Chemist: 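Dropping a structure here in structure tokens format, bear with me for questions.
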Protein chains: 2
Amino acid sequence: MKITRAAEYAIRCMVYLVRKGKGTLVSRREIAHQAEIPAQFLAKIAQELARAGFIEIRQGAKGGFVLINEPKEMNLLEIVETIIGEISLNESSALLDFCSDPNQCPVHSVWTDATSQLRDTLQGVTFDKISKKGSCISIEKPKSDK
Amino acid sequence: MKITRAAEYAIRCMVYLVRKGKGTLVSRREIAHQAEIPAQFLAKIAQELARAGFIEIRQGAKGGFVLINEPKEMNLLEIVETIIGEISLNESSALLDFCSDPNQCPVHSVWTDATSQLRDTLQGVTFDKISKKGSCISIEKPKSDK
DNA sequence: TAAATTTAGGACCTTAAATATCTTGTATGC
DNA sequence: GCATACAAGATATTTAAGGTCCTAAATTTA
């Protein structure tokens, strides 16, 4: 019943890139260090974000990640679901078999409705909103860049 | 990001008891069979429901479970949280350390808000509402009671 | 073009939690 | 007292999360 660490890391990574600015190349090392994400684990997460089209990964020396989209065009739901798959509060498919019609059944339609509500809420949260001042994710000063 | 099986089983058990009627003794065997819950696992779940004051467990021959409260006085949230603990979408406590103030931070306050919304929704769903006709959980006919 | 840097991607490992099951003990009814 | 039915702790089994490791590949730079 929790957002996973991987999803939390993905969000931190995206917020970091947003704060650095769309199109700005940022090394994995810097993000991992500043956002406190295990570097190798971040690599895995970034690959999924890249496959989903949110960032571009540049290999080689001076490589790193680049934000592709406008912050206001990205929302929490799509980032989270890129990492953990479609959010669903419903019981597993094995349990759905028990219920002949989860959409009609008053017991099980609750989860369908609550899931929709949650997904709508997260969809409404765009990255321009959560990346402004006050965020716990602060960027490394460009000058002190190693 | 799912309700656990244990929680789903607890809900089925309560719905079954509600449909049988407050104060009606129902054997664990019957509930386990009709609601498709592993009997021993149901025992564990029932113990927690009993400790929380929702049902009474009668030991010995002709033992079983009895619903204590009025269906309209019980809601999904309290049953679910009895089994899986307080619902929270927030990241683990280890991750909260990263954020100095999850209530102020725009990144992390999202989870707090979404969690409140979800809990409110579940709190509004009382057992009299979900136990009416149309539910996938049907009770054994009293006459054919073995 | 060789070396250094940096990410890619698959294999593997560790831990924790969920999901039970087993066994022995205890309470109740007949 | 014996059968029945739940209690409760110990013990698997399975699954997923959360990482780590290692070799390869891409890119920059000397």
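These figures come from a predicted structure and were not determined experimentally. Hydrogens, waters and symmetry mates play no part in the numbers below; they use all other heavy atoms, side chains included. Labels below follow one simple rule: chain letters A, B, ... track the order of the sequence lines, proteins then strands, and each chain is numbered from 1.
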Chemist: Between C/dT7, C/dT26, D/dT29, which one does the side chain of A/R28 approach most closely?
Modeler: C/dT7
Chemist: On DNA chain D, compare the nucleotides closest to B/A50 and B/A61; which residue's is nearer the 5' end?
Modeler: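 Taking each residue's closest nucleotide, the earlier one in sequence belongs to B/A61.
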Chemist: Hey, could you give me the CG/OG1 distance between B/L89 and B/T115, rounded to the nearest 0.5 Å?
Modeler: 3.5 Å
Chemist: Tell me: CG of B/L49 to P of D/dC6, nearest whole Å?
Modeler: 15 Å
Chemist: Whole angstrom is fine here: how far is it from CG in A/L25 over to P in D/dT27?
Modeler: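 The answer, rounded to whole Å, is 13 Å.
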Chemist: Applying a 4.0 Å non-hydrogen cut-off, can you work out what B/G60 is touching in the nucleic acid: base, sugar-phosphate, or nothing?
Modeler: base
Chemist: Round to the nearest Å and state the distance from B/F65 atom CZ to D/dA5 atom C1'.
Modeler: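 From B/F65 CZ to D/dA5 C1': 10 Å.
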Chemist: Using atom CZ of B/R58 as one end and atom C1' of D/dT4 as the other, report the distance to the nearest whole Å.
Modeler: 16 Å
Chemist: Send over the distance from B/E30 CD to D/dA5 P, rounded to a whole Å.
Modeler: 12 Å
Chemist: Is there a donor-acceptor pair closer than 3.5 Å between any side-chain N or O of B/D120 and the backbone N or O of B/Q123?
Modeler: no
Chemist: Quick check for you: among D/dA8, D/dC6, D/dT28, whose closest atom lies nearest to any side-chain atom of A/K62?
Modeler: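 The closest nucleotide is D/dT28.
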Chemist: Please report the distance, rounded to the nearest Å, between CD1 in A/I57 and P in D/dT27.
Modeler: 13 Å
Chemist: Salt bridge check, B/E48 against B/K44: does any charged N sit closer than 4.0 Å to a carboxylate O?
Modeler: no
Chemist: Are the charged groups of B/R12 and B/E36 less than 4.0 angstrom apart, N to O?
Modeler: no
Chemist: Would you name the heavy atoms of A/S138 and A/R19 that are closest together and state the gap between them?
Modeler: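 Of all heavy-atom pairs spanning A/S138 and A/R19, the closest is CA-NE, 4.3 Å.
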Chemist: Determine, using the 4.5 Å side-chain heavy-atom cutoff (strictly less than), whether B/F98 and A/I83 are members of one ILVMFWY cluster.
Modeler: yes
Chemist: Of all heavy-atom pairs between A/P106 and B/K132, which one has the smallest distance, and what is that distance?
Modeler: CG-O, 4.3 Å
Chemist: Along nucleotides 14-21 of chain C, 5' to 3', which nucleotides get a B, which get an S, and which get a -, given that the test is a protein heavy-atom distance under 4.0 Å?
Modeler: -----SSB
Chemist: I need the CG-C1' distance between B/L42 and D/dA5, as an integer number of Å.
Modeler: 13 Å
Chemist: Distance check needed: C/dA8 P versus A/E56 CD, whole Å only.
Modeler: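 Whole-Å distance recorded here is 11 Å.
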Chemist: From the list C/dA8, D/dT28, D/dA7, which nucleotide is the closest neighbour of the side chain of A/Q59?
Modeler: C/dA8
